[in-house]
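Only this structure's heavy atoms are used, side chains among them; waters, hydrogens and symmetry mates stay out.
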Amino acid sequence: MEARLKLRPLWRKLRLLRGMAAMVWQHNFGCHFCTPFLLDVAGMHPSYTGILILLGRCWDALSDPLIGHFSDRWHTSFGRRRPWILMSLIPFSASYFFLWQVFPDMSQQLKFAYYLLVYCAMFTSMTCYYVSYSALFVETSESISQRNQITRA
């Protein structure tokens with residue numbers, strides 16, 4: 001049995017958990033509204049939209065372990081995770097903004113290339129945030145009990 005633990009105050013747990021809102025927000029808006037936006041607002045052909053979403057998610061699946069690998073080996077005076085979280089905010093904000101831009105005069109092929117590039121950039125920057133943020137929970141305490149207390153609903 002573990003020795004008596006010094007528990008973190010509630011305000012510190014809430015401060016750590018508030019980063020989860022960014023991930024939920026990105027997932028809901030970026031994933032659920034992207035397809036209807038591309039089809040109905042941007043006027044992209046359905047086959048291009050499907051391929052774009054597929055390629056974007058495949059890129060996301062490949063970038064997750066790569067970002068995790070680099071994040072694990074990153075050493076700064078700010079820690080291993082914080083620089084990745086901070087570095088991801090501006091690229092994510094920019095790519096999210098550019099994802100919702102409409103270009104009615106563009107050809108379908110140019111729209112596909114543009115939205116694929118922006119979609120992959122958004123997911124790459126969000127991966128930098130998400131992988132590093134998720135790893136913070138493991139590094140908050142050496143005690144499994146405290147980690148579970150922080151992350152349980």
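Residue pairs meeting the ring-ring contact (aromatic ring centres under 6.0 Å, His included) criterion with at least one partner in residues 46-74, sequence neighbours excluded, are Tyr48-Phe112, Trp74-Trp84. Residue pairs meeting the salt bridge (Lys or Arg N to Asp or Glu O under 4.0 Å) criterion with at least one partner in residues 50-62, sequence neighbours excluded, are Arg57-Asp60.
Tracing side-chain contacts under 4.5 Å through hydrophobic residues (I, L, V, M, F, W, Y), one never reaches Leu62 starting from Val118; they form parts of separate clusters. When the side chains of ILVMFWY residues are joined at heavy-atom separations under 4.5 Å, either directly or via intervening members, Leu38 and Leu110 end up in a single hydrophobic cluster. If you chain together hydrophobic residues whose side chains sit under 4.5 Å apart, Ile85 and Met126 fall into the same group. The cluster map of Ile, Leu, Val, Met, Phe, Trp and Tyr, joined by side-chain heavy atoms under 4.5 Å apart, puts Leu117 and Phe37 in different clusters. Taken together through direct or relayed side-chain contacts under 4.5 Å among Ile, Leu, Val, Met, Phe, Trp and Tyr, Val41 and Leu52 form part of one hydrophobic cluster.
Heavy atoms only, all atoms of each residue included: His75 and Arg80 are closest at CE1-CD, 3.7 Å. Across Val131 and Asp64, no two heavy atoms sit closer than the pair CG2-O, 4.1 Å. In terms of heavy-atom proximity, Pro46 sits nearest to Leu39 at CA-CD2, 3.5 Å.
With a 6.0 Å radius and a threshold of 12 heavy atoms from other residues, nucleotides or ligands, Leu54 has its CG atom above the threshold. No more than 12 heavy atoms of other residues, nucleotides or ligands lie within 6.0 Å of CZ in Arg82, so this atom counts as exposed by the packing criterion. The environment of CZ in Phe103 is crowded: more than 12 heavy-atom neighbours from other residues, nucleotides or ligands sit within 6.0 Å.
Separating the OG atom in Ser71 from the CG atom in Leu66 is a distance of 12.0 Å, to the nearest 0.5 Å. Distance check, rounded to the nearest 0.5 Å: OG1 of Thr127 to CD1 of Ile67 gives 6.5 Å. Between the SG atom of Cys128 and the CG atom of Leu86 there is a distance of 12.0 Å, given to the nearest 0.5 Å. Here the straight-line distance linking atom CD1 of Ile51 with atom CG of Leu116 works out to 10.5 Å at 0.5 Å rounding. Between the CZ atom in Phe92 and the CZ atom in Phe123 there is a gap of 9.0 Å [rounded to 0.5 Å]. We find the CE-OG distance between Met87 and Ser125 to be 12.0 Å, quoted to the nearest 0.5 Å.
Using a 30° and 60° split on the angle between ring planes, Tyr129 and Tyr133 fall in the parallel class, below 30°.
Arg81 is listed as a side-chain neighbour of Asp72, based on a closest heavy-atom distance under 4.5 Å. Within the 4.5 Å cutoff, the side chain of Ser95 has no heavy atoms near those of the Leu99 side chain.
Of the charged side-chain nitrogens involved, none lies within less than 4.0 Å of a carboxylate oxygen, so that Lys111 and Asp105 do not count as a salt-bridged pair.
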**Asked** How far apart are the C-alpha atoms of Met122 and Phe98, what are their side-chain angles, what is the distance that settles it, and do they pass the side-chain contact (heavy atoms from CB on, under 4.5 Å) test?
**Response** CA-CA 9 Å; Met122 183 187 76; Phe98 287 116; over 6 Å; no

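Using a distance-only test at 3.5 Å, with no hydrogens or angles considered, a donor-acceptor pair links the side chain of Gln108 to the main chain of His45. With hydrogens and angles disregarded, no donor-acceptor distance shorter than 3.5 Å links the side chain of Tyr115 to the backbone of Trp100.
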